Amino acid sequence: MHKFLICMNIQELSEQEQIRRKSLEDLRNLGINPYPAAEYKTNVFAQDILDNFSQEKNNFQDVCLAGRIMSRRIMGNASFAELMDSSGRVQIYLRRDDICPGEDKTMYNTVFKHLLDIGDIIGVKGHVFKTQMGETTVHVREFTILCKSIHPLPIVKEKDGKMYDAVTDHEMRYRQRYIDLIVNPRVRDVFRKRTQIVQSMRELFNSRGYLEVETPILQPIPGGATARPFITHHNTLDIPLYLRIANELYLKRLIVGGYEGVYEFSKDFRNEGMDRTHNPEFTVMEIYIAYKDYNWMMTFTEEIIKKAVLDLHGKTEITYGEKVINLNPPYKRISMLDSIRENTGVDIMGMDEAGLRKVCERFEIEHDPTMGKGKLIDSIFKEKCEFTLVQPTFIIDYPAETSPLTKMHRTKPGLTERFELFINCKEIANAYSELNDPIDQMERFQDQLRLSEKGDDEAMFIDLDFVKALEVGMPPTSGMGMGIDRLTMLLTDQPSIQDVLLFPQMKSIIQKAVLESQKEEYLGLGIPEEWIDPLKKLGYTTVSKLKEVEKAGKLANDLNGYNKKNKLGLTGLSPEAVGKWLK
RNA sequence: GAUUUAGUAGCUCAGCUGGUAGAGCACAUCCCUUUUAAGGAUGGGGUCCUGGGUUCGAAUCCCAGCUAGAUCACCA
């Protein structure tokens, strides 16, 4: 464990932070613990009050709730504030003489009005009423400080759905997600929906009797996909291990083992570029079901998506940005070659590598000599077809070269029984009739090896134990993987994968350790104690840096300037006096 | 990795044809007994991202770096 020494010089805190720390002290001096230990029993949530309070019923007359103060409007002897809990915000109303029925008005005049701030967490007891303006409000008779916040929050105000001063800075939103979640309620909602999506899928799978499993994240061979992995090292075994790029080969081993349906929500890791749709760690749902083929899986995929969107929105039509997308099945099914023909007018059926290169040249699609047939076709498809696939579409029957784990097509030579589901021009799911012929599988792995020798650095690793599992015998199986992050983006209308990951990967900010000389070293040079801090502030954090100073006059000038600017009230320094320090 | 835009108060941003740092909200003090992005008065608060350069003088111009966003490349 590294140990960081953090010097919290009170002068480095902003004025607002200093004031809050002072309030903390004042609370303690009044005998109030700003961080109490005891359980605080609430009996209601804010949203519940807003939804269900009625003046006729006169309900909610003895409520207790807890939350964060999000705004305050303090008047003379009465105040309004907004309290936010996990469900939402409700207005609270405090009157001095309710809070303080006796002579001592400290709890209202001092504690509430002066020592509490926006961001503090309090619990309140009281009854619900409607103000003259018609807003449902909790009339507080007693409040308890549950947590003092000493870091000022951004103030976001809202009227008629319009946000004022909303926190939009991505860096703050992602690095300090806790602040984002506090001040942007819609962000909290996105992550609730993400969990609902996962829950919806899990319910469907469990109702079919499929088994949720966990497979290794640390793998000796990063198989099941083609991507550059993260590598790590196990000390005791003294072997390299990889963070999984996929879990496919493990789930298929479980089908060999006798389960008929297995699935996993799997965090996978790929050591590649980052952009709006890629994060180094991401979540994929993979499911494998015995005795099914990819046709069955297409229908099942439609069912999964339809259930998720209905559970989330209650309808199948969604909007993503400007686009309206209807997720009601059945989805269009078209073979990859037909899709290319529709969009280019060229039939590449049976075309050899040289012919495909000519097609690429004709449409000015980038290609290079390391690319085989499969990759060339893939490039043409990406360039000419993908952008047309806004409404959900199954692209089926992929070339064998880029599908080394897929069963050959039952009737179309050179192609495999594979589909990808595209929605909003993005790949959402990928599925096969799984290759279960061990001899064929071994040959496909060896083809991959040849591709990697040809210079394709994305070719697959060979997993011999997986081949052995196929030798034992895997029933005909269909498997499907679905990108949970991208599906969530789609169903919550978010533009970036970072907006559906609570803690997206960010470049860490390296804080340089600043070497500082001890106070005694400065004193030893004849420097008065009161000038040490200003010197450090001006960058002379070590006495050796002082030795490099050439002009004593300039340093004296800088110090006097600092003194004046910060109103330290120190007696000015002469260049001669400073010159003596430097000798 | 390439191109490009941005980084100024706690937050949102203005200032950028170089000449002493600004606004709104927030904060502090005061007035106000049901207010609504409350109002009024006064006040405090800044390493203008970092480091160089040009200049009498740089938030502003130039170069480099850091961080972030966008586009592209990479990533089936």
Side-chain angles (χ1 to χ4, degrees), chain A residues 12-20 22-23 70-82 91-98 113-114 117-119 129-135 137 139 149-175 179 183 225-228 245-246 270-280 282 336 366 371 374-375 377-379 381-382 386 395 398-399 401-406 418 420 427 430 456-460 495-496 498 504 506-512 537-539 562 565-567:
Chain A
E12 288 173 16
L13 296 172
S14 74
E15 187 190 35
Q16 289 189 44
E17 288 171 300
Q18 290 181 44
I19 288 165
R20 288 188 177 213
K22 174 72 164 45
S23 300
M70 295 305 287
S71 71
R72 298 197 305 161
R73 296 181 280 280
I74 292 181
M75 295 168 291
N77 294 329
S79 300
F80 289 89
E82 267 185 305
Q91 176 165 273
I92 59 174
Y93 172 63
L94 292 89
R95 257 194 346 208
R96 186 185 64 194
D97 296 336
D98 297 328
K113 277 171 78 170
H114 292 107
D117 292 286
I118 289 172
F129 74 109
K130 263 200 204 311
T131 64
Q132 290 175 357
M133 300 298 291
E135 179 151 350
T137 301
H139 189 138
S149 165
I150 60 171
H151 190 91
L153 277 177
I155 306 300
V156 179
K157 294 188 175 179
E158 189 182 345
K159 191 185 186 186
D160 301 331
K162 191 181 174 191
M163 305 289 278
Y164 295 82
D165 298 337
V167 175
T168 52
D169 178 48
H170 291 87
E171 194 163 357
M172 186 202 265
R173 289 193 44 222
Y174 302 147
R175 284 191 199 278
I179 289 178
V183 301
T226 53
R228 277 176 293 170
I245 56 174
R270 297 188 184 177
N271 203 343
E272 286 163 353
M274 293 163 62
D275 60 33
R276 250 197 314 184
T277 52
H278 296 83
N279 191 68
F282 59 102
M336 190 178 221
E366 277 189 52
M371 290 164 87
K375 282 213 159 186
I377 294 172
D378 208 56
S379 294
F381 176 77
K382 276 198 162 171
E386 266 192 24
I395 299 294
Y398 282 63
E401 289 87 346
T402 49
S403 312
L405 303 168
T406 314
R418 170 180 180 181
E420 288 190 358
E427 178 199 334
N430 180 16
D456 184 345
D457 61 357
E458 296 151 9
M460 256 182 213
S496 165
Q498 297 176 112
M506 301 288 278
K507 192 155 185 170
S508 56
I509 297 170
I510 298 156
Q511 290 188 333
K512 282 183 199 159
K537 281 286 186 306
L538 289 172
Y562 183 88
K565 189 177 175 191
N566 292 286
K567 302 189 175 82

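As the structure is a prediction and not an experimental result, all values here were calculated from the model. Here is how names work: the chains are called A, B, and so on, in the same order as the sequence lines, proteins then strands, and each is numbered from 1.
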Output yes when a side-chain donor or acceptor of A/Lys113 lies under 3.5 Å from a complementary backbone atom of A/Gly76, and no otherwise.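 Flag set: sc A/Lys113 to bb A/Gly76 pair under 3.5 Å.
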Taking the side chain from A/Arg73 and the backbone from A/Phe80, do they hold a donor-acceptor pair closer than 3.5 Å?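 Such a contact is absent between A/Arg73 side chain and A/Phe80 backbone.
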Does [X] reach a base, just sugar-phosphate, or nothing at all? Heavy atoms under 4.0 Å.
| X | result |
| --- | --- |
| A/His114 | sugar-phosphate |
| A/Ile74 | base |
| A/Glu366 | nothing |
| A/Phe129 | base |

So does [X] reach the base of [N] with its side chain, donor to acceptor, closer than 3.5 Å?
| X | N | answer |
| --- | --- | --- |
| A/Thr131 | B/U36 | yes |
| A/Asp275 | B/C72 | no |
| A/Glu135 | B/U35 | no |
| A/Asp169 | B/G7 | no |

Write down the partner of B/G1 under the Watson-Crick or G-U wobble criteria, each distance required to be under 3.5 Å.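 B/G1 is paired with B/C72.
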Provide the Watson-Crick or G-U wobble partner of B/U47, both distances under 3.5 Å; none if there is no partner.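 Its partner: none found.
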Select from A/Ala78 and A/Asp165 the residue whose nearest nucleotide in RNA chain B is closer to the 5' end of that strand.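 Nearer the 5' end of the strand: A/Asp165.
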Both A/Ile19 and A/Asp378 contact RNA chain B. Which one's nearest nucleotide lies toward the 5' end?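 Its nucleotide being nearer the 5' end, the pick is A/Ile19.
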Do NZ/NE/NH1/NH2 and the carboxylate oxygens of A/Glu386 and A/Lys382 come within less than 4.0 Å?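 So A/Glu386 does not pair with A/Lys382 through a salt bridge.
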Measuring to OP1 and OP2 of B/A28, would you say a side-chain N or O of A/Gln16 lies under 4.0 angstrom away?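 Checking A/Gln16 against B/A28: no side-chain N or O falls below 4.0 Å of OP1 or OP2.
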N or O in side chain of A/Arg276 less than 4.0 angstrom from B/G69 OP1/OP2: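 No, no such contact exists.
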Rounded distance [0.5 Å steps], CD1 in A/Ile155 versus CE in A/Met70: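 Here the rounded value is 7.5 Å.
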Could you check how far CZ of A/Arg20 sits from P of B/G45, rounded to whole Å?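 Whole-Å distance recorded here is 19 Å.
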